[in-house]
Amino acid sequence: MTEIVWFKRDLRLADHAPLWHAAQSKRPLVALYIFEPDLWRAADISPRHYACLYAALADLARSLHERGQRLVTRIGDAVSVLERLTQTLPGFTLHSHQETGNGWTYARDREVARWARRRGIIWREYQNGAVVRRLASRDVWDRRWRAVMDQPVFPTPLLPPPLPLASEPLPAPQGFDATALSPGRRAAIARLRIFLSAAGEGYARGISSPLTAAESGSRLSVPLSLGALSIREVVQATRRRAGEVAALPADRRGGWPLALRAFTARLHWHCHFIQKLESEPRIEYENLHPAYDGLRGNAPGDAAKYAAWAAGRTGFPMIDAAMRSLITTGWINFRMRAMLVSFASAHLWLDWREPARHLARLFADYEPGIHYPQVQMQSGTTGINTVRIYNPIKQGFDQDPEGRFIRMFIPEIAHLPASLIHTPWLAPNPTPAYPSPPAYPSPPAYPSPPAYPSPIVDEAEARKAAAARLYDLRKSGEHRRIANAIVEKHGSRKRPKRRGQKPQARGDLFA
DNA sequence: ACGGGAGTTGTTGTA
DNA sequence: GTACAACAACTCCCG
């Protein structure tokens, strides 16, 4: 009898319930990763995800090796790979975390479950963080989150020696350097230390502007999405740091109390959002609130608008800089993500599904359980959140007053002064802005980049039209009736602000 | 952690 | 010193 620990998006050895329990049996143990070619062809998955995964797997393999074990990699769809393993390992128990992934992994898990039942193989699935499978009610969810995070982490168990099983080598990733995103566990732990000891002090202040967010944010989203760190490990490390800070004299605490509070709140929302997709997987494909069905996405110019948005060529500098930055680095801060979605869904009045898949492919830290609830929230299709339409010009003035971020990613307008860089269409000579052609006739050394486009919509007009349509829809009693049911199922149970407001579940950003 | 307008309060400059 | 306009800063509310 053998224990197989199937690693998915939980690429670590510590705080790993499946590995811990499998190791307690003292039976032979196989640490398995299955490379599933079909998954990597899905519309929301891209080579940059693979580059990150590959780095985190390499780290995992190294850790297993140091503990006298080995990572076994196999290629194929999960059921065939497992079926083949039954020939070498006649009896085994399969251990893995419950995965709240995309529709593809959900379907795959159901096939694996069916296969395991048919073959009489036991598949033990362990809860992932505070995300509860078959959650009956949101009412007790917060308390459960706390209980999970209060539990000590599972230590890395002692592992038995590996079985002589061959690995199939995985393809090398291409075209994306994941190093700066610290995908693997060692890099992630190093980043966590720096964040909690130094970089994170400006967290609350720094995460709004794309100029400062990369340094003052935790930069842990990629390793968290791959499970190279568990949320509980990060929560507990943050609590330990909060204890240290509290022990300092009040005038030596600096920005830390605020920073750590804000960070902890986000760690809490991490599971909170994933729970929404776990409870209602259809929101990857369908509007949470049906009143928005068919509302957008059937106008003649949509394809061109989408293409301009997706390439960072809308003519709105802050939108385009954010998109191009994301394309280049695989990461952008939360506010810019919200702005990008809001612009596609409100100003351009596009259905959120294609934009969501585009962003999923670009976000190296793509976490389906966070992505789809967030996209729907910023698109207004949850029906329970206040409509939030970002003005990209205002965001530019607020978050990048001097235009430094814009200049980094939009060379076409880098020459404009700060007073014009957020509204290049107001510049005296909006189109060319390129050095006049050289006097000699030979072909130019550098292909001259295309001119920066004019804005593809009128900002104020588009925003007002979108707001009017959304608010109009929300007026109906039918809309409200359904929204109340949605709040009951998904809404945060945090108390509303004091001052004797109605004690109902909040329908705001955090719901 | 939406934006913008209206209304309110606070500050400054001027006669 | 007082009166008051002009304007900034802030809160509240609604789409």
Side-chain angles (χ1 to χ4, degrees), chain A residues 200 202-214 216-218 221 255 258-270 272-273 276 289 291-292 295-296 316 318-319 322 332-349 352 359 370-371 373-401 422-423 455 457-477 479-480 483 491-492 494-502 505-511:
Chain A
Y203 182 79
R205 197 169 354 101
I207 53 172
S208 284
S209 166
L211 287 165
T212 50
S216 41
S218 75
S221 57
L258 182 65
L260 296 175
R261 241 195 336 271
F263 184 57
T264 305
R266 276 153 185 273
L267 293 171
H268 179 264
W269 299 337
H270 181 272
H272 172 88
F273 279 106
K276 292 175 197 266
H289 193 306
Y292 301 87
L295 192 63
R296 309 184 240 218
F316 290 92
M318 205 58 178
I319 298 287
I332 185 82
N333 63 321
F334 177 83
R335 177 179 284 269
M336 294 298 106
R337 294 181 191 210
M339 181 187 74
L340 286 172
V341 172
S342 144
F343 190 79
S345 296
H347 295 80
L348 303 184
W349 205 246
W352 54 267
L359 292 175
I370 298 178
H371 190 60
Q374 281 290 343
V375 165
Q376 290 221 33
M377 198 158 83
Q378 302 300 345
S379 302
T381 52
T382 65
I384 62 172
N385 306 100
T386 46
V387 177
R388 282 169 207 280
I389 305 177
Y390 289 71
N391 178 339
I393 303 162
K394 179 181 184 290
Q395 289 300 316
F397 281 113
D398 290 352
Q399 308 303 334
D400 185 28
H422 301 293
T423 53
V457 290
D458 179 299
E459 196 283 320
E461 196 182 295
R463 176 161 40 76
K464 283 172 192 158
R469 294 170 84 167
L470 292 176
Y471 283 111
D472 198 50
L473 211 57
R474 293 161 78 96
K475 278 193 205 123
S476 85
H479 184 286
R480 240 167 280 169
S492 146
K494 283 217 184 76
R495 294 171 306 285
K497 278 189 232 133
R498 282 160 315 210
R499 286 216 244 238
Q501 234 110 66
K502 282 168 277 175
R506 293 197 305 181
D508 68 6
L509 178 67
F510 311 107

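Each chain gets a letter, A, B and so on, in the order the sequences are listed, and its residues count up from 1.
Straight-line distance from the CG atom of Asn385(A) to the P atom of dA1(B): 17 Å, rounded to whole Å. Residue Phe263(A) contributes atom CZ, which lies 18 Å from atom P of dA1(B) at whole-angstrom precision. Here dG5(B) presents its C1' atom at 14 Å from CG of Asn391(A), a figure rounded to the nearest Å. Taking atom CZ of residue Phe397(A) and atom P of nucleotide dG4(B), one finds them 12 Å apart after rounding to whole Å. Spacing between atom CE of Met377(A) and atom P of dA1(B) amounts to 14 Å, rounded to whole angstrom units. Rounded to an integer number of Å, the gap from Tyr203(A) OH to dA1(B) P is 13 Å. Rounding to whole angstrom units, CD of residue Gln378(A) and P of dG3(B) are separated by 11 Å. The separation between Arg335(A) atom CZ and dC2(B) atom P is 7 Å, rounded to whole Å.
Classified by interplanar angle (parallel below 30°, tilted 30° to 60°, perpendicular above 60°), the ring pair Phe397(A)/His422(A) is tilted.
Phe334(A) carries Arg266(A) over the face of its six-membered ring, with the cationic atom under 6.0 Å from the centre and within 45° of the normal.
Side-chain polar atoms of Gln376(A) and Thr381(A) form a donor-acceptor pair below 3.5 angstrom. Between the side chains of Tyr292(A) and His479(A), at least one donor N or O sits under 3.5 Å from an acceptor N or O.
One finds a side-chain N or O of Gln395(A) lying less than 4.0 angstrom from the OP1 or OP2 phosphate oxygen of dG3(B).
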Which atom pairs, one a donor and one an acceptor, fall under 3.5 Å between side chains of residues 462-469 of chain A and the rest of the protein, sequence neighbours left out?
unit_1	atom_1	unit_2	atom_2	d
Arg463(A)	NE	Glu459(A)	OE2	2.8
Arg463(A)	NH2	Glu459(A)	OE1	2.9

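Taking CD1 of Ile207(A) as the start and CE of Met336(A) as the end, the distance is 11.5 Å to the nearest 0.5 Å.
Across all strands, Lys464(A) comes closer than 4.0 Å to no nucleic acid atom at all (heavy-atom distances). Residue contacts shown for Arg337(A) are absent, as no nucleic acid heavy atom lies under 4.0 Å away.
Comparing atom distances between the Arg266(A) side chain and each of dA1(B), dG4(B), dC2(B) picks out dA1(B) as nearest.
For Trp349(A), there are no side-chain hydrogen bond (donor to acceptor under 3.5 Å, both in side chains) partners two or more places apart in sequence or in a different chain.
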Please produce a list of atom pairs where a protein N or O lies less than 3.5 Å from an N or O of nucleotides 13-15 of chain C.
unit_1	atom_1	unit_2	atom_2	d
dG15(C)	N1	Tyr471(A)	OH	3.1

